[in-house]
Amino acid sequence: MISKDLVKGLNDQMNYEFYSAHVYLATAAYCSNESFDGFASFFLTQAEEERFHAMKFYHFINDMGEKAEVASLPTPNNTFSSILETFEKSLEHEKEVTKQIYKLSDLALDQREHATMTFLNWFVEEQVEEEATFDNLIQKLKRINDDSNAFFMLEDELGKRKFTAE
Ligand code: FEO
């Protein structure tokens, strides 16, 4: 049995992960519309990953004998001015996710809720990886600047990304 505020926090995070999938779907749509199919594919994979994150919360809430409450989602940003901006906005988004995961981890820690703490540790590690990925891609894109060959090589490389449930 976990406290009501912790159940609410877990549900809020589940819904925020669904929202994250929405955010990356909107980002992919911008890339597709600009005919950057490799970048679009990369963001579609990211959206799948976010749905997987949301479902991890869904299953954990159920496993703890509580009920997952699915909420409506805000409209994500659909307007971008460049590929660089898609990655900059992604990094901003991931920093927000990290803040929320930390807040939830603090709550679980305050309540000595060990099962939830262990569950959330996976997300703490995942956020390090997510922020590093976007930060690294922003640096690469800035270095590439106007080198169109390097830009398309990066797009090609990112387009090969596949979703793996791990
Ligand atoms: Fe599920 Fe990208 O955080």
Side-chain angles (χ1 to χ4, degrees), residues 9-60 68 70-106 117-166:
L10 289 163
N11 265 310
D12 286 350
Q13 194 59 36
M14 174 187 75
N15 283 300
Y16 202 75
E17 299 288 343
F18 280 128
Y19 170 66
S20 299
H22 235 42
V23 164
Y24 291 118
L25 192 58
T27 312
Y30 162 78
C31 297
S32 289
N33 190 241
E34 295 290 321
S35 300
F36 291 123
D37 295 341
F39 291 118
S41 171
F42 171 87
F43 282 112
L44 285 176
T45 303
Q46 184 68 28
E48 274 186 79
E49 201 169 277
E50 298 301 347
R51 191 172 188 283
F52 170 68
H53 294 171
M55 292 309 291
K56 276 178 97 78
F57 278 94
Y58 172 92
H59 291 300
F60 181 73
V70 180
S72 58
L73 302 175
T75 304
N77 172 54
N78 279 277
T79 311
F80 300 89
S81 57
S82 65
I83 289 297
L84 176 61
E85 196 191 355
T86 64
F87 286 96
E88 287 174 337
K89 283 210 162 26
S90 299
L91 180 59
E92 268 172 43
H93 180 75
E94 290 306 327
K95 285 185 173 170
E96 186 55 39
V97 176
T98 302
K99 258 193 238 164
Q100 295 186 6
I101 294 284
Y102 281 16
K103 224 168 104 187
L104 195 50
S105 297
D106 286 345
M117 280 155 54
T118 303
F119 169 72
L120 290 173
N121 277 342
W122 185 90
F123 286 91
V124 171
E125 285 176 23
E126 177 70 8
Q127 283 312 116
V128 173
E129 206 181 290
E130 299 243 299
E131 284 193 29
T133 299
F134 284 117
D135 191 46
N136 182 280
L137 290 170
I138 289 167
Q139 300 318 316
K140 275 190 183 156
L141 279 163
K142 284 183 174 166
R143 268 203 308 274
I144 282 171
N145 202 9
D146 285 333
D147 181 343
S148 58
N149 275 347
F151 181 83
F152 288 114
M153 271 170 66
L154 180 66
E155 187 189 10
D156 192 51
E157 183 194 322
L158 294 187
K160 292 183 181 130
R161 179 186 183 198
K162 294 272 175 272
F163 169 70
T164 47
E166 55 187 39

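- In this structure, CZ on Phe87 lies 5.0 Å from CG on Leu137, to the nearest 0.5 angstrom.
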Where do Phe18 and Met55 land on the side chain to side chain contact (heavy atoms under 4.5 Å, CB included) test, with the steps shown first? CA-CA 9 Å; Phe18 280 128; Met55 292 309 291; 3.8 Å; yes
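- Distance CD/Glu155 to CG/Asp37: 7.0 Å, rounded to 0.5 Å.
- The residues Glu49 and Arg161 are annotated as salt-bridged, a charged nitrogen and a carboxylate oxygen being separated by less than 4.0 angstrom.
- Within the 4.5 Å cutoff, the side chain of Phe119 has heavy atoms near those of the Lys56 side chain.
- With rounding to the nearest 0.5 angstrom, the CD atom of Glu85 is 12.5 Å from the CG atom of Leu141.
- Across Ser81 and Tyr30, no two heavy atoms sit closer than the pair C-OH, 3.5 Å.
- Distance check: Glu125 CD to Leu120 CG gives 12.0 Å after rounding to the nearest 0.5 Å.
- Of the possible donor and acceptor atoms, none in the side chain of Asn15 sits under 3.5 Å from a partner among the backbone N and O of Val70.
- His93 has its ring centre less than 6.0 Å from the ring centre of Tyr16.
- Between Glu131 and Asn136 there is no side-chain heavy-atom pair separated by less than 4.5 Å.
- The shortest distance between side-chain heavy atoms of Phe39 and Thr86 does not fall below 4.5 Å.
- In terms of heavy-atom proximity, Pro74 sits nearest to His22 at O-CD2, 3.8 Å.
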Under the side chain to side chain contact (heavy atoms under 4.5 Å, CB included) criterion, do Gln127 and Trp122 qualify, and how do the steps go? CA-CA 9 Å; Gln127 283 312 116; Trp122 185 90; over 6 Å; no
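- Here Ser90 contributes atom OG and Glu130 contributes atom CD; the two are 9.5 Å apart, rounded to the nearest 0.5 Å.
- Between Phe42 and Phe36, the gap from one ring centroid to the other reaches at least 6.0 Å.
- A salt bridge links Lys99 with Glu96; the closest basic N to acidic carboxylate O contact falls under 4.0 Å.
- Between Gln13 and Lys103, every side-chain heavy-atom pair lies at or beyond the 4.5 Å cut-off.
- Phe151 has its side chain within reach of Ile83: a pair of non-hydrogen atoms, C-beta onward, lies under 4.5 Å apart.
- For the pair Val23 and Asn77, the minimum side-chain heavy-atom distance is 4.5 Å or more.
- No donor-acceptor pair closer than 3.5 Å links the side chain of Glu48 to the backbone N or O of Phe163.
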Please assess Gln100 against Glu17 for the test side chain to side chain contact (heavy atoms under 4.5 Å, CB included), listing each intermediate value before the final yes or no. CA-CA 11 Å; Gln100 295 186 6; Glu17 299 288 343; over 6 Å; no
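- A heavy-atom distance below 4.5 Å is found between the side chains of Lys95 and Leu91.
- Glu88 places a side-chain heavy atom less than 4.5 Å from the side chain of Lys142.
- Taking every heavy atom of both residues into account, Thr45 and Lys162 meet most closely at CG2-C, 3.6 Å.
- When every heavy atom of Ala47 is checked against every heavy atom of Leu25, the shortest pair comes out as CB-N, 4.1 Å.
- When every heavy atom of Pro76 is checked against every heavy atom of Ala26, the shortest pair comes out as CG-CB, 3.9 Å.
- Residues Phe123 and Phe57 bring their aromatic ring centres within 6.0 Å.
- Considering CZ of Phe80 and OG1 of Thr27, their distance stands at 3.5 Å, rounded to 0.5 Å.
- For the residue pair Ala40 and Ser32, the shortest heavy atom distance occurs at CB-OG, 3.3 Å.
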